[in-house]
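One structure is given here, and the rest of the page talks about it.
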Amino acid sequence: MAQTRRIPVVAGVLLAAGGGRRLGGRPKALLEHRGRPLVEHAARALRDGGCGPVHVVIGAAAPEVRARADLAGCTVSENPAWEEGMGSSLRAGLAALDGGEVDAALVLLVDQPGIGAEAVARVRSACRSRGALAAGSYDGERGHPVLFGADRWADIRAGAVGDQGARAYLRAHREAVVLVDCSDVARPFDIDTAQDLKHLE
């Protein structure tokens, strides 16, 4: 009898710890978009895109984020070292998944509300093994979300320092990265400065 191939378990990891330094210290997780905090929209995009479990890493204004955002169904952890940059949050998010039955982590950033469930689902579908490496692409350029097979987590954590996240790892392994075109279903802008707030609705 033909063996049924197991569907890979892809966890969502939402990096939502930043303090919004260039936004005058307004934590990005709490910026309002369509009447709700950004962190809520991003967590929903991961869930609706087929990721599970969903792990949210918060940091700046963590008590307020917990109080104001509906993150039901998500595991929420606080990164006490969030001021060190995104790398510390990526390390925390991947560490939280260790020892589970997860085959890959799909990482999404809280400050990219133009990337929703459709892009998440597309990149998630690129997971074929625990060695998978994939990313959303826009006009041929690598962007988010990014998918990391579990076999790669240790090396990614080792290189995730400062605000680099996995950038150096992805550069070093660019030949292995499967680019998944999401330019027709998502917009990859960041909310980094006051000028970017115009993207919020």
Applying a strict under-4.5 Å side-chain criterion to I, L, V, M, F, W and Y, I'd like to know whether Leu179 and Val123 cluster together.
no
State, with a plain yes or no, whether a side-chain heavy atom of Leu30 is found less than 4.5 Å away from one of Val39.
no
Can you give me the closest heavy-atom contact between Ala126 and Ala132, atom names plus distance?
O-CB, 4.5 Å
Hydrophobic clustering (ILVMFWY, side-chain heavy atoms < 4.5 Å, transitive) - are Leu46 and Val185 grouped together?
no
Write out all pairs satisfying ring-ring contact (aromatic ring centres under 6.0 Å, His included) with one or both partners inside residues 86-144, taking only residues at least two apart or from two chains.
none
Of all the heavy-atom pairs spanning Ala61 and Pro27, show the shortest one and how long it is.
CB-CG, 3.7 Å
Nearest non-hydrogen partners of Ala150 and Val102, listed with the distance:
CB-O, 3.7 Å
Leu90 and Leu15: side-chain contact (heavy atoms from CB on, under 4.5 Å), yes or no, with the steps?
CA-CA 7 Å; Leu90 179 58; Leu15 304 185; 4.3 Å; yes
Which heavy-atom pair separates Gly93 from Val57 by the least distance, and what is that distance?
CA-CG2, 3.7 Å
Is there side-chain contact between Asn79 and Ile58, with at least one heavy-atom pair below 4.5 Å?
no
Shared hydrophobic cluster for Leu31 and Leu71 (ILVMFWY, side-chain gaps under 4.5 Å):
yes
Do Leu200 and Glu32 touch side chain to side chain, with heavy atoms closer than 4.5 Å?
no
Residue pairs involving residues 174-189 (criterion salt bridge (charged side-chain N to carboxylate O under 4.0 Å, His left out); sequence neighbours excluded):
Arg122-Asp184
Could you work out, with ring pair (Phe, Tyr, Trp, His ring centres under 6.0 Å) as the rule, every residue matching Tyr169, not counting sequence neighbours?
His173
Is Met86 linked to Val146 within one hydrophobic cluster, defined over Ile, Leu, Val, Met, Phe, Trp and Tyr using a side-chain heavy-atom separation of less than 4.5 Å?
yes
Residues 105-119 side chain polar contacts: donor-acceptor under 3.5 Å, at least two apart:
residue : atom : partner : partner atom : Å
Asp111  : OD2  : Lys28   : NZ           : 2.7
Gln112  : NE2  : Pro188  : O            : 3.4
Gln112  : NE2  : Asp190  : OD1          : 2.7

Taking side-chain hydrogen bond (donor to acceptor under 3.5 Å, both in side chains) as the cut-off, I'd like each qualifying pair that reaches into residues 52-62, sequence neighbours left out, listed once.
His55-Ser77
What pairs of residues pass the salt bridge (charged side-chain N to carboxylate O under 4.0 Å, His left out) test when at least one of them lies in residues 42-63, not counting sequence neighbours?
Glu40-Arg44
Is there a side-chain contact between Val65 and Pro37, using heavy atoms and a 4.5 Å cut-off?
no
Please list all pairs passing the ring-ring contact (aromatic ring centres under 6.0 Å, His included) test where one or both residues lie in residues 182-201, with sequence neighbours left out.
Phe189-His199
I'd like to know whether Leu97 forms a side-chain contact (heavy atoms from CB on, under 4.5 Å) with Val13, so could you lay out the CA-CA distance, the side-chain angles of the two residues, the decisive distance to 0.1 Å, and finally the verdict.
CA-CA 9 Å; Leu97 300 175; Val13 175; 3.6 Å; yes
After noting the C-alpha distance and the side-chain angles of Cys51 and Val120, does the key distance pass the side-chain contact (heavy atoms from CB on, under 4.5 Å) rule?
CA-CA 8 Å; Cys51 293; Val120 167; 3.8 Å; yes
Which pairs pass salt bridge (charged side-chain N to carboxylate O under 4.0 Å, His left out) with one or both residues in residues 134-151, sequence neighbours excluded?
Arg130-Asp151
For Arg152, check salt bridge (charged side-chain N to carboxylate O under 4.0 Å, His left out) against everything at least two apart and list the hits.
none
Contact list for residues 49-61, test salt bridge (charged side-chain N to carboxylate O under 4.0 Å, His left out), sequence neighbours left out
none
If Ile, Leu, Val, Met, Phe, Trp and Tyr residues are connected whenever their side-chain heavy atoms lie under 4.5 Å apart, and connections chain through other members, are Ile156 and Leu170 in the same group?
yes
Do Ile191 and Leu197 have side chains that approach each other closer than 4.5 Å (heavy atoms only, starting at C-beta)?
yes
Considering residues at least two apart in sequence or located in another chain, which fulfil the side-chain contact (heavy atoms from CB on, under 4.5 Å) criterion with Ala95?
Arg157
Do side-chain atoms of Trp153 reach the backbone of Phe148 as a donor and acceptor pair under 3.5 angstrom?
yes
Residue set satisfying side-chain contact (heavy atoms from CB on, under 4.5 Å) with Ala121, at least two apart, ordered chain then number -> none
Is any side-chain heavy atom of Cys74 less than 4.5 Å from a side-chain heavy atom of Leu14?
no
